[in-house]
Every structure is written in C-alpha cells, then in structure tokens.
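Input: a single structure, listed below in structure tokens.
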Amino acid sequence: MEMLTARQIREKDYYRQFAQNFNINQHIDFSPVEGPLLEKERRPWNSYWRTYELPVDYFRDQKKSDLNLLDFGCGPGDNALRFSRVGYHVTGFDICEENIKTCNELFSINSCEEKGSFVVSPAEELPFQDNSFDVVVGIDILHHVDIPRAMEEVRRTLKDDGVAIFREPIEVPVFDKLRNTRLVRFFFPNTPSLENHITPDERKLNAQDLRLITSLFPEVKIERSLIFSRFDKLFRKHGDKTPSFLERIDHLICRVIPMIGHFGGAAVIILKKKSLLSIIAIALSPIQSLLLLL
C-alpha cells in the first residue's frame with residue numbers, strides 16, 4: 001500500500017477522534033432496510049432511505065443468497081450491520097483502524113461475525129481482487145476521497161452486471177453562495193467539527209465530478225433531492241426520524257418537472273457495470289430491430 005497523502009492522514013486523524021465518540025451499545029435503527037425488505041414502509045423521497053432500499057431490491061431480484069456487498073468507507077459499521085440484515089455478506093474498509101475495530105465489535109455483540117469482514121484501507125487503493133462484489137454502497141463518502149482514483153477502484157472491484165450506489169452532497173452554486181454567507185454560517189456553522197461531522201478537507205461533489213463518474217460507467221442514473229427540504233433544519237428537531245413533508249414535496253416536483261432536480265443538494269448515484277456481452281447486445285439491438293422489419 002502506498003504511503004498516505006497529507007489529506008488522507010488528516011482524514012484518518014479526524015476519524016480516530018470521531019470513533020471514540022461512537023457508542024457501540026446504542027440502538028441502531030434498522031427500519032430503512034426492514035421497511036422495504038418486509039414491504040412495511042418505503043421512503044423514496046429520502047435519499048438515505050433510498051440508498052438502503054436499492055440494495056434490498058437488488059438482493060431480492062437476484063434470488064441468490066451468496067451476494068457480496070462492499071461498504072465503501074464503512075465507518076464504525078452501523079450501515080454494514082444493516083446490509084447484513086438484508087442477507088448480504090458485507091465487506092467493509094475504512095482508513096481508520098479504530099473504526100475497523102468498532103466494526104468487528106459491533107458484529108460480534110450482534111452475533112453475526114460470519115456475515116462481515118473489515119480491513120483498514122484508503123478508498124484509492126483497495127486490497128480486493130477484480131470483480132469481487134455484486135454491490136458497492138457508499139454513504140457520504142466520495143466527497144472525502146480522491147474521486148478519480150476511488151471510482152476506478154469501484155469499477156475494478158465491482159462484478160460485471162453489478163451495481164454501485166452512492167449517496168452524496170452535491171454543489172448547487174445558487175444555494176451554496178447563500179449557505180456560505182457570514183450570517184447563515186453564524187447560525188449554522190460549516191467549519192470542521194466533530195459535533196457536526198465535518199472534516200477539514202471534505203467538499204461537495206460538483207458537475208465535473210459527476211461527469212467523471214458517469215464517464216466510467218455505461219449506465220448511470222442520478223436521483224436529486226434536497227431542494228426545499230434543505231430548510232427542514234429550520235423546522236425539525238435534529239435527529240427527527242419521522243417522514244419529512246418537504247422531502248415528499250421535493251420528490252413530487254422532481255417527478256413532474258425533472259429540470260428542478262438540478263437545484264437539489266443531495267443525490268443518489270446509481271451505477272451499473274455492464275459485461276462485455278451486455279454492451280455488445282445493447283449495441284446490436286437497433287440492428288436486430290431493423291432486421292425484424294425487413
């Protein structure tokens with residue numbers, strides 16, 4: 001493994017401190033995976049619920065029990081534990097040794113050690129073989145890493161016809177200028193802090209990042225959200241897990257007027273890695289249709 005860069009070292013030091021505040025005995029909310037898994041509840045308007053829902057649907061569609069999921073930047077392991085409940089064998093990596101230790105402890109106290117394995121690694125140089133995972137999921141991770149190198153690793157380790165799903169904050173210049181005014185930052189600080197979970201080097205994904213990501217995968221879907229619901233923090237208590245009315249409004253507006261989605265400050269990025277045979281079949285389909293008309 002290459003020596004860590006200065007940015008990676010800062011991220012590692014930050015998460016070493018962050019890991020110390022994680023309560024391994026805290027209640028973990030499994031409703032985002034159990035809701036769709038048991039067909040009890042879905043929240044397609046919530047980008048986090050959507051990021052859990054998609055791997056649930058993929059697992060059921062494959063009708064196999066030996067699917068491997070990579071938790072891309074697993075942190076202390078709460079997301080990995082949720083995905084293990086779906087039925088995946090979960091592999092996770094994190095740049096911070098303390099997070100990996102917490103992952104193993106979390107799986108141990110939940111009696112599911114055989115469902116998870118965790119390693120220390122940066123996102124830009126993964127210690128996994130090519131075509132290792134059916135699904136890759138990352139939640140608020142790409143804006144912490146070197147995106148070109150990390151996405152090359154996603155493509156390399158994802159199996160043919162596999163799917164990668166990322167939930168990320170997205171730059172919206174018209175809103176971000178307002179967000180970064182002195183008055184707004186006074187009431188809602190966005191400087192690095194453990195309390196607000198903001199690292200020194202993180203930044204929102206921009207249009208150039210999205211173009212690079214989409215250039216690496218032949219099939220891409222980007223679902224934008226967080227338009228009016230960005231104002232939820234003014235009306236809702238921190239940690240409120242009940243459905244958001246403004247998120248529902250955002251979802252409805254984006255379906256009716258898709259262009260409005262460009263003002264969304266969050267995105268669920270869905271990437272599919274097609275096999276060579278699939279790509280050839282897609283390329284030949286117009287020719288096949290033409291021959292049927294002859």
Side-chain angles (χ1 to χ4, degrees), residues 27-75 77-93 103 106-107 110-118 128 131-142 154-155 157-168 213 217-225 241-244 247-248 251-252 254-255 266-275 277-279 281-282:
H27 170 73
I28 294 177
D29 181 13
F30 289 99
S31 57
V33 293
E34 291 181 345
L37 187 64
L38 302 176
E39 292 298 347
K40 293 168 53 180
E41 182 183 13
R42 288 175 179 263
R43 298 184 190 177
W45 56 83
N46 182 292
S47 58
Y48 289 103
W49 273 64
R50 181 66 171 155
T51 308
Y52 295 117
E53 174 186 302
L54 290 166
V56 171
D57 291 341
Y58 183 89
F59 185 88
R60 291 196 301 192
D61 290 344
Q62 295 302 304
K63 297 180 173 60
K64 296 190 296 184
S65 59
D66 59 344
L67 296 180
N68 295 312
L69 181 147
L70 176 63
D71 187 352
F72 200 87
C74 58
D78 48 334
N79 286 326
L81 193 63
R82 292 184 181 98
F83 291 124
S84 73
R85 283 282 182 97
V86 178
Y88 287 104
H89 180 275
V90 181
T91 299
F93 74 87
C103 288
L106 190 63
F107 270 63
N110 283 275
S111 302
C112 54
E113 298 96 326
E114 74 284 356
K115 293 183 179 179
S117 55
F118 304 94
F128 310 120
N131 306 306
S132 293
F133 304 104
D134 301 279
V135 180
V136 175
V137 181
I139 298 179
D140 294 341
I141 176 64
L142 294 182
V154 172
R155 186 173 64 170
T157 57
L158 187 63
K159 292 181 180 179
D160 288 345
D161 297 317
V163 61
I165 304 156
F166 292 93
R167 189 276 176 197
E168 292 294 327
I213 291 170
F217 290 84
E219 187 173 338
V220 180
K221 183 178 181 182
I222 300 177
E223 299 178 355
R224 299 285 287 261
S225 60
K241 297 184 182 299
T242 59
S244 162
E247 285 180 343
R248 296 190 192 204
H251 184 65
L252 176 61
C254 287
R255 292 180 64 184
V268 177
I269 305 168
I270 307 162
L271 310 166
K272 293 185 179 180
K273 179 181 176 181
K274 293 295 186 182
S275 65
L277 290 178
S278 297
I279 295 173
I282 292 171

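All values reported here derive from a predicted model rather than from experimental measurement.
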Quick one: does [X]'s side chain get under 4.5 Å of [Y]'s, heavy atoms only?
X      : Y      : answer
Phe59  : Leu69  : no
Val163 : Ile270 : yes
Phe133 : Thr91  : yes
Pro243 : Arg248 : yes
Asp160 : Lys272 : no
Tyr52  : Ile139 : yes
Phe118 : Cys74  : yes
Ile165 : Ile269 : no

Chi angles and distances behind the side-chain contact (heavy atoms from CB on, under 4.5 Å) call for Trp45, Ser225:
CA-CA 7 Å; Trp45 56 83; Ser225 60; over 6 Å; no

Could you tell me which non-hydrogen atom of [X] sits nearest to which non-hydrogen atom of [Y], and how far apart they are?
X      : Y      : answer
Gly162 : Tyr58  : CA-OH, 3.9 Å
Val33  : Val56  : O-CG2, 3.9 Å
Ala164 : Val154 : CB-CG1, 3.9 Å

Taking [X] for its side chain and [Y] for its backbone only, find out whether a donor-acceptor pair lies under 3.5 Å.
X      : Y      : answer
Arg82  : Asp29  : yes
Tyr88  : Pro55  : yes
Glu168 : Leu142 : yes
Thr51  : Ser47  : yes
Asp71  : Ala80  : yes
Asn131 : Thr157 : no
Lys273 : Arg155 : yes
Asn110 : Cys112 : no

Taking only residues two or more places apart in sequence, or in another chain, which ones meet Glu247 in a salt bridge (charged side-chain N to carboxylate O under 4.0 Å, His left out)?
none

Of Ser117, Ser65, Ser84, which meets side-chain contact (heavy atoms from CB on, under 4.5 Å) against His89?
Ser117

Take Lys274 and Phe217, measure what side-chain contact (heavy atoms from CB on, under 4.5 Å) needs, and give me the verdict at the end.
CA-CA 8 Å; Lys274 293 295 186 182; Phe217 290 84; over 6 Å; no

Determine whether more than 12 heavy atoms belonging to other residues, nucleotides or ligands lie under 6.0 Å from atom NZ of Lys159.
yes

Sidechain N-carboxylate O distance under 4.0 Å for [X], [Y]:
X      : Y      : value
Glu34  : Lys40  : no
Lys115 : Glu113 : no
Glu39  : Arg60  : yes

Applying side-chain contact (heavy atoms from CB on, under 4.5 Å), run through Arg50 and Arg43 and close with a yes or a no.
CA-CA 7 Å; Arg50 181 66 171 155; Arg43 298 184 190 177; over 6 Å; no

According to side-chain hydrogen bond (donor to acceptor under 3.5 Å, both in side chains), who are the partners of Glu114, at least two apart in sequence or on a separate chain?
none

For side-chain contact (heavy atoms from CB on, under 4.5 Å), just list the numbers for Val137 and Val135, CA-CA rounded to whole Å, side-chain angles, deciding distance to a tenth of an Å, and then say yes or no.
CA-CA 7 Å; Val137 181; Val135 180; 3.7 Å; yes

Set of residues satisfying ring-ring contact (aromatic ring centres under 6.0 Å, His included) with respect to Phe72, sequence neighbours excluded
Phe93, Phe166

Under a 3.5 Å cutoff, is there a donor and acceptor pairing between the side chains of Asp140 and Tyr48?
yes

